[in-house]
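As C-alpha cells, the structure follows; a few thoughts come after it.
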There are 2 protein chains.
Amino acid sequence: MKRINIADVAQKAGVSPTAVSFAFNKPEQLNSETVNRIRMTAIEMGYMPNPMARALIAQRSGIIGVMLPQPLSTVLANPYFHTFLQGISSMCDEQALSLMTLSPMNGSLDQAIARSPVDGFIIVGYNEAHHEVSLLRKRGIQYVLVDGDATCAPSVNIDDEQGAYLAAKYLIDKGHRDILILMLDTAFGHADEELHGVAMRRMRGYRRAFDEVGVVWRDEWVLPSVSSMIGGQQNFDAAYEQGLRPTALLAAADAIAIGAIQAAIRRGMKVPQDLEIIGYDDSVLASLVQPGLSTVHQPIFEKGRVALELLIGEWENAATRITDVSAKQVWLPTHLVLRGTTT
Amino acid sequence: MKRINIADVAQKAGVSPTAVSFAFNKPEQLNSETVNRIRMTAIEMGYMPNPMARALIAQRSGIIGVMLPQPLSTVLANPYFHTFLQGISSMCDEQALSLMTLSPMNGSLDQAIARSPVDGFIIVGYNEAHHEVSLLRKRGIQYVLVDGDATCAPSVNIDDEQGAYLAAKYLIDKGHRDILILMLDTAFGHADEELHGVAMRRMRGYRRAFDEVGVVWRDEWVLPSVSSMIGGQQNFDAAYEQGLRPTALLAAADAIAIGAIQAAIRRGMKVPQDLEIIGYDDSVLASLVQPGLSTVHQPIFEKGRVALELLIGEWENAATRITDVSAKQVWLPTHLVLRGTTT
DNA sequence: TAGATTTAGTAAAACCCTTTAGCTAATTTA
DNA sequence: TAAATTAGCTAAAGGGTTTTACTAAATCTA
C-alpha cells in the first residue's frame, strides 16, 4: 500500500506537481476552477502533503519540544508539571503550535534530540552547562531554559531561595528545631554533573533561615527524594526508621509533602498537631488534600506561558538579528501560602 | 548563521557525504580510523543529522501522536488524562519512542494532523466515523482508537455501560430517587456528529439501572459538563439554581464529581449525609480528596499501555501483511469502588 | 601470475515537497 | 499595430539525508 504523493495527484488531475502545491498553499496563483479540480482529486485520493517533506523544505515544523529531566511517566506523576505544561500549551493553542515532549531514553537525551523535528526547545531542569544543552547551542537551535541557570540563552526561574527561606523561617520562628528536609534528589547530583540550580537555591534558602536564627543544620536530616508522592512516602519512612523524630517537615515539592503526610498519618501522627508541614510549588493538589497543604506558591502556569513567549521572541530575534540575552532572564516571585498543615 | 549539514562535514573531513552517513549509521563499512576522524570533525563542527531529512528518507520518525478531543490545556486539567498519558509514555520509554500531542487548532484537527510527522496515532475520544479519522484511514496511516467505537481499526475501550449501571444501581438501591446526573458534554454532540461512544454507553448504563427498578428518568436532571473541576462546580450550581434538589449525584468523570462536591459543600451541604456521590474513572484524585470519592474504577494506565501496544502491533502487521482487525478490539473491565462519598 | 575476493570508499538515485524563475498565450496599453 | 502587461501554468532547483550500485585498490587463491 504505497502512500500517494503530490505527483500522483498531479497526474490524475492532469496538471504539474507545482499546480497541486499551489492549490493548497497559494490558490491565487491558479484559476479557481483548476484549484477546485485539484482539491477534489486530492480528497478523492486521500492525499495529504507529507509533513516531513514539508517541514524539511520550510525549515520549520510548527512543533516545539519540551525537554524534561525525567521519563515522561515520572513527570506526569508530578502535579507541578501538569500545570506547567498547561501553561505552555495554552500558548501553543493560541499560536497554533504543536507540542512534543522528550525525556531521556536509556539515560540519554541525545537520541531523543537527534530525532526531534522541532523549531525550538523549552528545557526544564537542566543547567546551561549540561552537555545536551551546549550541544544545542553549538548547533544553533533556539531554546529557553526553565528552572536552570542561564547566561547565553533566555530563561525563566522563580525566586526559589526566598520561597524556601520563608518556609523555613516560619517553622523555626514557631520554635521547631527538629525539622526534616525532603529535598529534590537532583540537589545531590550525579558524579558528572554540577549541582542543580533549583534544588541548590531552595537548599540555600532553607539553610539561610537556619543560620540566621542559629539553628543547627544537620546533613543527616536532609534526604533526597524523587518528586512524587511515592518518593515522599518512602523517604519519610526511611527517615523514621533511621530514628529521626521530626516535629516539622520542609518538602521541596508538594508531591513529596503529600506523600510524607500519608506516611506520617499511617504511623499514627496527627497533622499539623504532631507534625507541621510546608511544601513547595502550590500545585493544584495543595488545596485539594485534607488538611490543605501549606506551601510556597510559585506561578507555575505563567512560567510555562512565559517560557514559550520567550522562545517565540527568539525566533523573531533570529529573523531581525537582534540579540540581547541579558534582558531575557525572567525571575518570577514566590510567597508563602498557609493552609491546614501548619497551625 | 547557517545550519551545517552533512556536506559541510564531509568536505572538512575530506570524504564524501556517504562516508559521513556511514560513520554514524554503519561504521563497519568504513575503516575505523576514518570513522573516528569523521566523528571528531562532526562533534567539532557541532553537526547533528537533520531530523526531518532523516525521517523523510527513513519513512519513520520514531514519534507517536496522541490525538486529543480538547485543547491540551483543558486535557491536562483532567486527572484521567494524566494517568492515561503515563500509561502510553511508560511504553514509549521502553520502546525509545517520542510522544507528541495534538489537539484541535481553532476547532479543527486537520491542520494539526497535516503537520504531524508521526509513525501512527493514538486517537482518544473520537469515533471511527469522525471525519478526521476516516481521513487517516484513507491515507493509510496507522491508528488505534481509545474510548471510541471501532470496526476498521484496533481499539481499546472499557465496559462503560456496566460501570455506569453499577453506580446508578447502588444509589437507587439505597432509596435515592432525586439523582442529578452530570454527564460528559460530548454525549450531547454537535449537530454534525454522531453521539459519542463513551458518553452514550455511560448514559445507557445509568438509564438501564433507572429503568430496571422503574425509577422515572427525567432529562432535565441530566446536565452536560466539561470534564474538569470547574465544569463540575458550574453545573452543580446551575442545577441548584434551576431548582433541583438532588439527594445523590452521578458524575461521568471524577473531576466533575470533585468540582460538584466543592460546590455542594459551599452551599452548606454535608457529603455524604446530604448528598451521596459516585464519580467515574477512579483517577488518583479520587483517593486523595476528603472524603474519598466513591467511583467507578477503570484501568486507565493499562489502557494507555495497551493502546500503544496495539499500535506497535499494527506496524508489525503492516510489515508482514497480516490483518485481523476483529481480534484487536480490547475491552477492559470496570468495577465500583466505595469510599467516603457514599454511606 | 591470472583470477577471485575483500576492503574502503564514492556517485547517484530516492524520499516529497515548496519556491523561484520562466514560458506561452491572451489581454491591455500607447 | 507594436509593445507591455497579465493570467495561468510548468520546469527545475533545493532542502538534507540514506541507500544501492558501483569502482579502484589491495589481498588472497590456486
Side-chain angles (χ1 to χ4, degrees), chain A residues 1-39 41-42 45-62 111 113-119 139-141, chain B residues 1-39 41-42 45-62 111 113-119 139-141:
Chain A
M1 175 142 185
K2 192 213 161 219
R3 205 158 145 169
I4 59 157
N5 60 24
I6 202 171
D8 300 328
V9 178
Q11 189 177 4
K12 185 142 183 182
V15 291
S16 71
T18 311
V20 178
S21 175
F22 281 156
F24 285 103
N25 306 315
K26 295 189 179 167
E28 69 277 7
Q29 299 270 28
L30 257 45
N31 184 317
S32 63
E33 255 179 48
T34 320
V35 171
N36 280 336
R37 183 163 42 93
I38 294 175
R39 284 197 180 154
T41 326
M45 299 178 76
Y47 170 73
M48 232 185 244
N50 181 315
M52 304 164 199
R54 190 198 270 256
L56 176 58
I57 185 101
Q59 305 280 63
R60 182 164 189 303
S61 63
Q111 202 191 339
I113 293 175
R115 62 154 68 149
S116 297
V118 300
D119 294 342
R139 182 78 221 252
I141 297 172
Chain B
M1 177 142 183
K2 192 213 159 216
R3 208 156 142 169
I4 58 159
N5 61 23
I6 202 171
D8 300 329
V9 178
Q11 189 177 3
K12 184 141 181 182
V15 291
S16 71
T18 310
V20 178
S21 176
F22 281 158
F24 285 102
N25 307 314
K26 293 187 180 168
E28 68 278 8
Q29 299 270 31
L30 256 43
N31 184 317
S32 62
E33 254 178 50
T34 319
V35 171
N36 280 335
R37 183 162 44 92
I38 294 175
R39 284 193 180 158
T41 325
M45 300 178 75
Y47 169 72
M48 234 186 242
N50 181 316
M52 312 176 196
R54 192 199 270 256
L56 176 59
I57 186 92
Q59 306 282 65
R60 183 165 188 299
S61 63
Q111 201 191 341
I113 294 174
R115 62 155 66 152
S116 297
V118 301
D119 294 342
R139 180 81 223 251
I141 297 172

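Just so it is clear, the structure is predicted and the values come from calculations on it, not from any experiment. Here is the naming used below: chain letters follow the sequence lines, and residue numbers restart at 1 for every chain.
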Which whole-number value in Å describes the distance from [X] [atom1] to [N] [atom2]?
| X | N | atom1 | atom2 | answer |
| --- | --- | --- | --- | --- |
| A/Ile38 | D/dT10 | CD1 | P | 8 Å |
| B/Gln29 | D/dT23 | CD | C1' | 15 Å |
| A/Glu28 | D/dT6 | CD | C1' | 15 Å |
| A/Arg115 | D/dT17 | CZ | P | 17 Å |
| B/Gln11 | C/dT10 | CD | P | 13 Å |
| B/Arg37 | C/dA8 | CZ | P | 13 Å |
| A/Ile6 | C/dT19 | CD1 | C1' | 11 Å |
| B/Asn5 | D/dG16 | CG | P | 5 Å |

Just compare [options] and give me whichever is closest to any side-chain atom of [X].
| X | options | answer |
| --- | --- | --- |
| B/Lys26 | D/dT19, C/dT19, C/dC17 | D/dT19 |
| A/Leu56 | C/dT20, D/dG14, D/dG16 | D/dG16 |
| B/Ala53 | D/dT17, C/dT10, C/dA8 | D/dT17 |
| A/Arg54 | D/dT10, C/dC17, D/dT20 | C/dC17 |

Counting just side-chain N and O atoms, does [X] come under 4.0 Å of either OP1 or OP2 of [N]?
| X | N | result |
| --- | --- | --- |
| B/Asn50 | D/dG16 | no |
| B/Thr18 | D/dT19 | no |
| B/Gln59 | C/dC16 | yes |
| B/Asn25 | D/dT18 | yes |
| A/Tyr47 | C/dC17 | yes |

Could you grab the distance from atom [atom1] of [X] to atom [atom2] of [Y], nearest 0.5 Å is fine?
| X | Y | atom1 | atom2 | answer |
| --- | --- | --- | --- | --- |
| A/Ile113 | A/Gln111 | CD1 | CD | 11.0 Å |
| A/Gln59 | A/Asp119 | CD | CG | 10.0 Å |
| B/Asn50 | B/Asn5 | CG | CG | 9.0 Å |

Q. Considering heavy-atom distances to DNA chain C, does B/Asn31 or A/Ala7 have its closest nucleotide positioned more toward the 5' end?
A. B/Asn31
Q) Hey, which of these two, A/Ser21 or B/Phe22, hits DNA chain C nearer its 5' end, going by closest nucleotide? A) B/Phe22
Q) Quick check: does any side chain N or O of B/Arg39 sit under 3.5 Å from a backbone N or O of B/Ala23, one acting as donor and the other as acceptor? A) yes
(Q) Heavy atoms only, 4.0 Å cut-off, all strands: where does A/Phe24 land among base, sugar-phosphate and nothing? (A) nothing
Q) Which heavy atom of B/Pro49 sits nearest a heavy atom of B/Arg54, and at what distance? A) CG-NH2, 3.3 Å
